[in-house]
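The sequence lines fix the lettering, A, B, ..., with proteins before strands; numbering per chain opens at 1. This structure is a prediction, so every number in the text was calculated from the model and none was measured.
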Amino acid sequence: MSRYDPATLEPKWQKAWDEAGTFLARRSDDKPKYYVLEMFPYPSGRIHIGHVRNYTMGDVIARYKLATGHNVLHPMGFDAFGMPAENAAMASGGHPADWTYANIDAMVAQMKPLGFGLDWSRMFATSDPEYYGQQQSLFLDFMEKGLVYRKNAVVNWDPVDMTVLANEQVIDGKGWRSGADVERRELTQWFFKISDFSGELLDALDGLDNWPAKVKLMQANWIGRSRGLQFAFGMVEPTKTHDRVEVYTIRPDTLLGASFIGISPDHPIAKELEAHDPKVAAFCAEARKGGTTEEALEKAEKLGFDTGLKVRHPFDTAWELPIYIANFILMDYGTGAIFGCPAHDQRDLDFARKYKLPVTSTFVPLSGEHTLPEDGGAAFVPPKTEPVHWTLPFNWPEEATGEQAIDAAIAFCEDKGVGQGVTKFRLRDWGLSRQRYWGAPIPVVHCGDCGVVPEKKENLPVVLPMDVTLDIPGNPLDRHPTWRDVPCPRCGKPAKRETDTMDTFVDSSWYFARFTAPHAKTPTDLAEAAYWMNVDQYIGGIEHAILHLLYSRFFARAMHICGHLPESAIEPFDALFTQGMVTHAIYQTRDAQGRPVYHYPEKIIWKDGKAFVAANVTVGGQQITVGGEPVVTEVEIIPSAKMSKSKNNVVDPVAIIEQYGADTARWFVLSDSPPERDVEWTASGAEATSKHLARVHRIATDIAASDAAPNEADDALLREMHKAIFDVTGGIESFGFNAAIAKLYAFTNTLQKSTAGAAARRDAMKTLAQLMSPMTPHLAEEIWSMLGGEGLIANAPWPVADEAMLVSDTVTLPIQINGKRRSEITVPKDMPKEEVEKRALADDAVLKALAGGQPRKLIVVPGRIVNVVL
RNA sequence: GCCCGAGUGGCGGAAUGGUAGACGCAGCGGAUUCAAAAUCCGCCGCCGAAAGGCUUGCCGGUUCGAGUCCGGCCUCGGGUACCA
């Protein structure tokens, strides 16, 4: 009798699938197509357990759809541009390309043994010139359609390294390498006009029926449609360039509570003052310190500078309001200027108290105690749908909601000619410029005579030069004359290439379309795209709920406008599933400069429940030890965070695969945890999973050798089998993989204990193998062939539950007394309600509780429950 | 700060508004064995001797009935536009 030996069995079946071309996708009209895609990985060098979880889920769907008669496309590639490759090159020399492609090779080698049903023939990396060349072509098409433009935008600037920093490289407001205070600086950058699509991207969310509601809500809030008032405050004394301050507000109803005007340090008025007032310049310099993230801006201490300038209130020209320059106002939002109403905005209230500005409530609660903000209370900011009492309405009743007041205020202001109702969106245009080497070059040339000139399509791809080094900060493309100096594509005079590269989100915004024809000479092949698009099921982490998914939705629209996708593909993902993240503790120490240093979990030494890491004390390359023990430093444990290469808290699944095999790893990551929930990684339990699979193998071996005669247990086993088919199929369809696996455990127990005849047990075992095959495909193939199944189980039609076998004749009803379960009765399935009531009232526990009295109420939910209310 | 989630035994978790704790892990007891491994059988939320009571982060509400719906908190996680 053969033992369960994944080490020989798994390569055998992988070879069989390869030879049969089981997972190669070809267009075909005899079956419905099904495109399943998992978000492709960044080639960090090692797959981690989150990847295994993600790709196993996708593979379960892919294999299930294949078994249910679909023509399946299930591709894989790599999101290969980005900062980690540059960081690696900086840290240890070498070239980002070498590092990236070596990592891709390593990760493919780690993924293949997992037996994923992928069409590897379609694989590409976004750093392949073939791919990014087509992306450059798309960029030029977008440019021609007016979807690309340049404007100034702020970046994080490291004044010591003289380089732009990513948000991730700003730690506590300081540059990660130099430790210098980060400043905000303006640069001319490239933008996609995603804001042209704000309304449509928002409205179209309604049609995404198979997307999680939370993702749609997050996107809707992100796009953020608001109806507000745009108007101007006239200045009491104009400056050289301005006689008014243009403001946009979503709370025009609080205009009578206005107390100051705030403008961004980058507002034209601020810049004008800065030029000849050193005090203003000093304040603006201070205000520009710190990172550019919304979080940093919101949480920074609110600072203001009284410019001495004043504006007149539009309703009362005698009422003057001061103009402050304030560090929390961004030029990118609205008009870069606000009016502050401290009574109804906590941030404005904090600001007003700090700078001794007036506070005036314009509404109060209808009832209850209320301390006015002007008397020391908190800002009163009720939901806009809640009715409040207005002390200062313009043209609406004293009792009205915020919404009603806003609408009335806009109408009032429009009528008086004070301003205009304007719909605005929070969504900003997508800045795609990156001042970095390892990305797709933006294919334009700057010519002294012609200005910005698109590169000719026949000159694409604009290939990254390979002779660069990253040992000094900054973008090596800026200091690469032979690459940078080119003739102008229009006039032929000497000109310079754009040295900005594209945001890596551009790379991932259309790869799903490229998979339909990965080697086409145009971005897509329309016939292939029309056949395979849309992605029927997209699977990936919730961390991509906003940016990646929104950018992809924009790209699909833009690609349609340029003729690269059919109109039916402007929403590229029919169904979305967001899996939870695999988290792990982060182990952190700090270096001499106080900057964090992260350590891999396997480097941690545990002692008395505390974590240590070998101190980095070496002499002549030898780790210093004391009495044979390494010198250790205690490690700070940051409880649980998304596995991330940059934090070194990744766990390698390779050990599990090597020890127990791919099927164990696959089953293990799917069992127990619901797919949408985050899981704190632990490997305990992998051994038990392996034992379970060995048990299934053993049962199959026994059954293959059995010749028991049919008997009365056959029917019971087959009923359980059909119930298992029903439950497992439902589980897979609804991403309830953990619940499906629980049913498979239960059915395995039933089958093991069953005394049914050989034929029934054989049927049950073959069905069990089929139901397990999406999760543990190698073991399933082995059992299938052991029991004489025809062909590969991967191609065998999925079993169908016989509904007649699912119903039983009797049903057991719990009896509750006052909502607490006290007893139960078993009755025929179709027993009339009156009869059930009679039986329930005759139940001992009920008789005892009633003590001769009558129930106040008797509730019978047929087939479910009886509740007796005393 | 703001937006979006999550919270159930020692652990992972199950549960169309209807028997809370399925299934699994760990643990405990037993069978088998010279012994062990492997395997098989059983027990396993908390308190209580028992009867019984309590129990789904906390507080309140709706309901005959709430883990599930509503309101308010707490804690943790994700995002916050240059991490991918």
Open item on the list: How many whole angstroms separate atom CD of A:Q219 from atom P of B:rC3?
Closed with: 17 Å
Task: Point-to-point distance, once rounded to the nearest 0.5 Å, from CG of A:D429 to CZ of A:F197 - done: 10.5 Å
Task: Atom pair distance, as rounded to whole Å: NE2 in A:H544 and P in B:rA81 - done: 15 Å
Open item on the list: Whether A:R434 contacts B:rC82 is assessed here as follows: a side-chain N or O lying under 4.0 Å from the phosphate OP1 or OP2. Is that the case?
Closed with: yes
Open item on the list: Rounded to whole Å, please give me the gap between CG in A:L858 and P in B:rC64.
Closed with: 14 Å
- [ ] Can you run down the side chain to side chain donor-acceptor pair (under 3.5 Å) pairs that involve residues 854-870 of chain A, sequence neighbours left out, and say none if there aren't any?
- [x] none
Open item on the list: When the C1' atoms of B:rG12 and B:rU62 are compared, how many Å lie between them, rounded to an integer?
Closed with: 33 Å
TODO: For A:H548 and B:rU80, give me the distance from atom NE2 to atom C1', rounded to whole Å.
DONE: 18 Å
- [ ] Determine whether any donor atom in the side chain of A:Q435 lies under 3.5 Å from an acceptor atom in the base of B:rC82, or the reverse, and answer yes or no.
- [x] yes
Open item on the list: Without decimals, in angstroms, what is the distance between A:D503 CG and B:rA84 C1'?
Closed with: 10 Å
- [ ] Identify which one of A:N475, A:T100, A:T501 satisfies the side chain to side chain donor-acceptor pair (under 3.5 Å) criterion when paired with A:W438.
- [x] A:T100
- [ ] To the nearest Å, give me how far apart CZ (A:R822) and C1' (B:rG18) are.
- [x] 15 Å
Task: Bracket notation of RNA chain B in which parentheses pair within the strand, [ ] cross earlier pairs, and | pairs with another strand (Watson-Crick or G-U, under 3.5 Å) - done: (((((((..(((.....[....))).(((((.......))))).(((....)))..(((((..]....))))))))))))....
Task: Integer-rounded Å distance: B:rC82 P and A:Q189 CD - done: 9 Å
- [ ] Within residues 863-870 of chain A, find the residues that approach RNA chain B with a heavy atom at under 4.0 Å, and present them sorted by residue number.
- [x] A:R864, A:I865, A:N867, A:V869
- [ ] Classify the ring geometry between A:F505 and A:H544 as parallel (under 30°), tilted (30 to 60°) or perpendicular (over 60°).
- [x] perpendicular
Task: Whole-Å distance separating the CD atom of A:E168 from the C1' atom of B:rU80 - done: 14 Å
- [ ] Mind telling me whether A:F735 and A:F577 have parallel, tilted or perpendicular rings, with 30° and 60° as the class edges?
- [x] parallel
Open item on the list: If we check ring-ring contact (aromatic ring centres under 6.0 Å, His included) with A:F81, which of these qualifies: A:Y511, A:Y132, A:Y42?
Closed with: A:Y132
Open item on the list: In whole Å, measure the gap between the P atoms of B:rG57 and B:rG10 for me.
Closed with: 13 Å
Task: Under 4.0 angstrom between A:N749 side-chain N/O and B:rG24 OP1 or OP2 - done: yes
- [ ] Establish, with yes or no, whether the OP1 or OP2 oxygen of B:rG65 is under 4.0 angstrom from a side-chain nitrogen or oxygen of A:R856.
- [x] no
- [ ] Ignoring the backbone of A:N738, work out which of B:rA84, B:rC83, B:rA14 is nearest its side chain.
- [x] B:rA14
Open item on the list: Does B:rC64 have OP1 or OP2 under 4.0 Å away from a side-chain N or O of A:K857?
Closed with: yes
Task: C1' gap between B:rC76 and B:rG24, integer Å - done: 25 Å
Open item on the list: For a quick check of understanding: with a heavy-atom distance under 4.0 Å over all strands, which category does A:T812 fall into, base, sugar-phosphate or nothing?
Closed with: nothing
Open item on the list: Could you check B:rG9 for me: syn (within 90° of 0) or anti?
Closed with: syn
Open item on the list: Less than 4.0 angstrom between a side-chain N/O of A:T504 and OP1 or OP2 of B:rA84, yes or no?
Closed with: yes
